[in-house]
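First up is the structure itself, then whatever we jot down about it.
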Amino acid sequence: MSLPDLDLKKLLAMQELCDRITDQTRALAATQKAIRTLNKDLRELESLYEKDWLALVSDKRIDAQDEEALTASSKKGCYSVLGQDTIWNALQDAYQLQMALTKLLVRNLKD
């Protein structure tokens with residue numbers, strides 16, 4: 001004796017949803033690691049910026065070759081850290097994204 005078609009369709013839909021939720025949950029688990037790594041990098045950049053940035057960029061020994069090396073080492077579409085806004089923007093963008101993610105998670109929190 002088999003299930004009526006409607007009941008089987010419901011179970012198949014539940015199976016598909018359950019499998020998708022499992023896959024999505026696994027994908028989001030990697031996000032936890034990325035956020036932890038991001039926060040570690042943020043703390044390190046903030047510390048280096050507060051302790052060393054002004055002295056380093058004000059150093060009279062920085063020449064065109066040093067500037068070129070820094071520009072060449074930055075990823076495509078990114079700017080040199082010699083520009084203070086580069087660091088500020090990176091920190092602010094990361095902070096704003098984390099706030100947006102936090103708000104999204106809180107809004108969608110399930111009991």
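Starting from 1, each residue takes its place in the sequence as its number. All figures in this text were calculated on a predicted structure; none of them were measured in a lab. These numbers come from the heavy atoms of this one structure, side chains and all, not from hydrogens, waters or symmetry mates.
Here the OG1 atom belonging to Thr31 is positioned 8.5 Å from the CG atom belonging to Leu101, to the nearest 0.5 angstrom. How far NZ of Lys9 is from CG of Leu3: 13.0 Å, rounded to the nearest 0.5 Å. Taken from CG in Asn89 to SG in Cys78, the straight-line distance is 11.0 Å, to the nearest 0.5 Å. Atom CG of Asp85 is separated from atom CD of Gln92 by 11.0 Å, given to the nearest 0.5 angstrom.
The list of salt bridge (charged side-chain N to carboxylate O under 4.0 Å, His left out) pairs with a residue in residues 55-75, not counting sequence neighbours, reads Asp59-Arg61.
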task = Tell me, with the steps shown, if Gln15 and Leu11 meet side-chain contact (heavy atoms from CB on, under 4.5 Å).
result = CA-CA 6 Å; Gln15 183 65 54; Leu11 285 172; over 6 Å; no
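In this structure a side-chain-to-backbone donor-acceptor pair under 3.5 Å is present from Thr86 to Ser80. Panel note: side chain Thr102, backbone Gln98; a donor-acceptor pair is recorded below 3.5 Å.
In the hydrophobic clustering (ILVMFWY side chains linked at under 4.5 Å, chained through shared members), Trp53 is joined by Leu38, Leu42, Leu45, Tyr49, Leu54, Val57, Ile62, Leu70, Val81, Leu82, Ile87, Leu91.
Looking only at side-chain heavy atoms (C-beta outward), Gln32 and Leu28 stay at 4.5 Å or farther from each other.
No continuous path of hydrophobic side-chain contacts links Leu105 to Leu97 [ILVMFWY only; heavy atoms under 4.5 Å].
Closest non-hydrogen pair, Leu104 versus Asn108, comes out as O-ND2, 2.8 Å.
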